[in-house]
Amino acid sequence: MERVGTGEHVVLVLHGWFGSSKAWEELTPHLDADRFSYYFPDFRGYGTRKDEAGTYTIAEAAGDVLLLADELGIDRFSLVGHSMGGSIMQYVLAEAPGRVRSLFGISPVPASGVPMDADTWGLFSSAAEDPSSRRAIIDFTTGGRHPDSWLDGMVLHSLENSDRAAFGAYLEAWAKTDFSERIAGNEVPIKVVVGEHDPALSEDVMLATFGQWYPKLELEVLPDAGHYAADEVPVTVANMIEVFLDEH
């Protein structure tokens, strides 16, 4: 697990399907280490826990986050979640609402999952075994705007930092788990940012999901980003996170 900072406000930062604890390395140099303590855990099957067995469900991952908080002696904390991590942070909220100060989602998966047509499901489900599918997904969800070297680097990180079986199982988890009834109406402070060039988890999707569930939702569109805003515009995202956290 990575840690940045020694500040009083504790923030647990949860990676996405293609990520790991090290996927935030573009972002971390721009964080305020005096005011905040950021923890960057890996989910089972990823990074430092790549060989750790599990059921690879949203519930299990959220339970591990709460266990980590207990082990660190942290009672209250904020959560930042990217993509799949955005689903997991909401499940943490459902399990322990009194412990969550605030939520910040970066292209977060809704608590209702993500429906896909047959062709899209075929592409996503093939990504566990086929690196070219991973590349196609990353290229599509960032608007086809990035050079080959950037795409190849994102794919390589994913391949090196995820177990194939776990990666495949997590797709079923984040795409098909619906626990929206458990968080609907929760008045936790929450901000969601989405990239203008992400056709999958767009502003409209956020309004139809998060916008219906969270009375205190703040939503912002990033004009120079797709699905991977922390990699694409890290300085902007770091600043947005800390401006929001400062208020809560």
Side-chain angles (χ1 to χ4, degrees), residues 1-4 11-29 31 37-72 74 77 79-92 95 105-109 113-114 121 123-139 141-142 149-177 227-232 234:
M1 179 184 63
E2 304 290 323
R3 177 180 178 177
V4 173
V11 189
L12 306 180
V13 188
L14 310 181
H15 65 78
W17 192 41
F18 282 91
S20 76
S21 61
K22 294 185 179 297
W24 302 94
E25 289 181 344
E26 294 295 322
L27 183 80
T28 53
L31 297 173
S37 291
Y38 293 94
Y39 293 88
F40 300 84
D42 286 302
F43 300 129
R44 299 188 196 205
Y46 283 88
T48 57
R49 305 176 72 192
K50 185 176 178 180
D51 297 326
E52 188 170 340
T55 57
Y56 311 122
T57 62
I58 300 301
E60 178 185 72
D64 284 349
V65 171
L66 286 167
L67 181 61
L68 172 63
D70 291 342
E71 291 173 347
L72 295 171
I74 300 166
F77 47 83
L79 291 158
V80 173
H82 172 241
S83 195
M84 177 178 77
S87 174
I88 294 164
M89 76 175 184
Q90 294 175 83
Y91 205 99
V92 172
E95 290 287 284
I106 305 166
S107 299
V109 168
V114 180
W121 183 258
L123 174 63
F124 274 68
S125 60
S126 69
E129 299 296 334
D130 188 350
S132 68
S133 294
R134 300 193 192 205
R135 192 180 193 279
I137 292 167
I138 295 168
D139 192 30
T141 57
T142 52
S149 58
W150 186 86
L151 295 171
D152 292 342
M154 294 288 284
V155 172
L156 181 61
H157 180 95
S158 176
L159 292 170
E160 289 181 344
N161 288 279
S162 63
D163 173 78
R164 290 185 179 184
F167 185 88
Y170 278 120
L171 171 62
E172 291 276 345
W174 63 257
K176 296 185 177 182
T177 300
H227 188 70
Y228 298 90
D231 294 279
E232 297 171 88

Exercise. Are the side chain of R134 and the backbone of V155 linked by a donor-acceptor contact shorter than 3.5 Å?
Worked result: no
Exercise. In chain order, what residues pass the ring pair (Phe, Tyr, Trp, His ring centres under 6.0 Å) check against Y46, with sequence neighbours excluded?
Worked result: H15, Y170
For this session: Classify the ring geometry between H227 and H82 as parallel (under 30°), tilted (30 to 60°) or perpendicular (over 60°).
Result: tilted
Exercise. K22 side chain to E2 main-chain N or O, any donor-acceptor pair under 3.5 Å?
Worked result: no
Exercise. Is there a side-chain contact between R49 and D64 (heavy atoms, below 4.5 Å)?
Worked result: yes
For this session: Provide the closest heavy-atom pair for M84 versus W17 in the form atom of the first, atom of the second, distance.
Result: CB-N, 3.8 Å
For this session: Would you name the heavy atoms of P41 and V13 that are closest together and state the gap between them?
Result: CD-O, 3.3 Å
Seminar exercise, completed: The reported gap from CG in D42 to CG in L14 (rounded to nearest 0.5 angstrom) is 11.0 Å
For this session: For the pair W24 and V4, evaluate side-chain contact (heavy atoms from CB on, under 4.5 Å) and give the outcome as yes or no after the intermediate values.
Result: CA-CA 11 Å; W24 302 94; V4 173; over 6 Å; no
For this session: Can you see which heavy atom on F40 is nearest to which on M1, and at what distance?
Result: O-CG, 3.5 Å
Exercise. Does the E95 side chain pair with the main chain of Y91, one donor and one acceptor, at a distance under 3.5 Å?
Worked result: no
Seminar exercise, completed: CD (Q90) and CG (L79) are apart, to the nearest 0.5 Å, by 10.5 Å
Problem set entry | Where L27 and P234 come nearest, the two heavy atoms and their spacing | CD1-O, 3.2 Å
Exercise. Looking at S133 and A127, what are the two nearest heavy atoms and their distance?
Worked result: CB-CA, 3.7 Å
For this session: Would you please indicate if the ring centroids of F167 and F18 are separated by under 6.0 Å?
Result: yes
For this session: Please check if the side chain of D139 supplies one atom and the backbone of R135 the other of a donor-acceptor pair under 3.5 Å.
Result: no
Seminar exercise, completed: Nearest heavy-atom contact between I58 and A173 is CG1-O, 3.6 Å
Exercise. Can you find a heavy atom in the side chain of E232 that is under 4.5 Å from one in the side chain of W150?
Worked result: yes
